[in-house]
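Working notes, beginning with the structure itself.
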Amino acid sequence: MSTTDAVTFWDGVYAARPAASGPQPNARLTETVTGLPPGDALDLGCGDGGDALWLARQGWHVTAVDISAVAVERLAALARSHGLGDRVTTGRTDLHESFPPGGFDLVCAHYLHTPFDLDRATVLRSAAHALRPGGRLLVVDHGSTAPWSWNQDPDIRYPSPRDVAAGIDLASETWTVERADAPRRIATGPDGRTAEVTDHVLLIRRTA
């Protein structure tokens, strides 16, 4: 499927629901980042912007990208309205075609799943190489299907965090896996429903 198809799909996903006025950060982000010294962060697939806004409030300078122009335009307006416009830079980026330039102390990729062509291993490898020494890559994937997910394929397979790490294939002398597990939590969907879901959490630190 083409980039045009992907843009149309994701613009439609966001346009179909009201713009969030106070999007919440992902739980795996807050538990991982709380206590870390703020620096430069890259949010891949920023969506409604809860992670980017939370990071900015903690003192981080955030580059937030998404394939959906609807998502990034809404986030830019929201950041300005919350007085965070100087800490959040947004951009429409198709990770199938390019990767944001620069060096970062944190790169986060929450639920970077799509029905369109995307070489995730290459994207995440680029993310790891964009880390400064001491920086961390946080990858949080679905480990189960929520009732509100756009993908309700009963045969879907969720790769484990170790599978994802193996696919990225990073040199152990430069990057260290600090966390690879599958915790559960109660999640709330866009329509207010709640359900128990499983997250696949991978945290990689650049050591050199």
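As the structure is a prediction and not an experimental result, all values here were calculated from the model. Heavy-atom basis, side chains included; hydrogens, waters and symmetry copies ignored.
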What I'd like to find out is whether the side chain of Leu84 reaches to under 4.5 Å of the side chain of Val62, using heavy atoms alone. no
What pairs with Arg28 under side chain to side chain donor-acceptor pair (under 3.5 Å), at least two apart in sequence or on another chain? Glu31, Asp199
Using the ring pair (Phe, Tyr, Trp, His ring centres under 6.0 Å) rule, collect all pairs that involve residues 153-178, keeping only residues at least two apart or in two chains. His129-Trp175
So, are Asp105 and Arg136 salt-bridged, with charged N and O less than 4.0 Å apart? no
Would you be so kind as to tabulate the donor-acceptor pairs closer than 3.5 Å made by side chains of residues 46-57, with sequence neighbours excluded?
residue: Asp48; atom: OD2; partner: Arg17; partner atom: NH2; Å: 3.1
residue: Asp51; atom: OD1; partner: Asn26; partner atom: N; Å: 2.7
residue: Asp51; atom: OD1; partner: Asn26; partner atom: ND2; Å: 3.3
residue: Asp51; atom: OD2; partner: Asn26; partner atom: ND2; Å: 2.8
residue: Asp51; atom: OD2; partner: His110; partner atom: ND1; Å: 3.4
residue: Arg57; atom: NH2; partner: His82; partner atom: ND1; Å: 3.1

Hey, is Glu196 close enough to Arg185 for a salt bridge, meaning N to O under 4.0 Å? no
Could you walk me through whether Leu138 and Leu29 pass side-chain contact (heavy atoms from CB on, under 4.5 Å), step by step? CA-CA 8 Å; Leu138 175 63; Leu29 175 74; 4.1 Å; yes
Would Asp66 and Arg74 count as a salt bridge (charged side-chain N to carboxylate O under 4.0 Å, His left out) here? Give the steps. CA-CA 11 Å; Asp66 200 283; Arg74 285 179 173 180; over 6 Å; no
Point-to-point distance, once rounded to the nearest 0.5 Å, from CG of Leu203 to CZ of Arg205: 10.0 Å
Where Pro38 and Trp60 come nearest, the two heavy atoms and their spacing: CA-CE2, 3.5 Å
Less than 6.0 angstrom separating the ring centers of His200 and His142, yes or no? no
Would you please test Val123 and Leu118 for side-chain contact (heavy atoms from CB on, under 4.5 Å) and show each step? CA-CA 8 Å; Val123 171; Leu118 180 65; 3.8 Å; yes
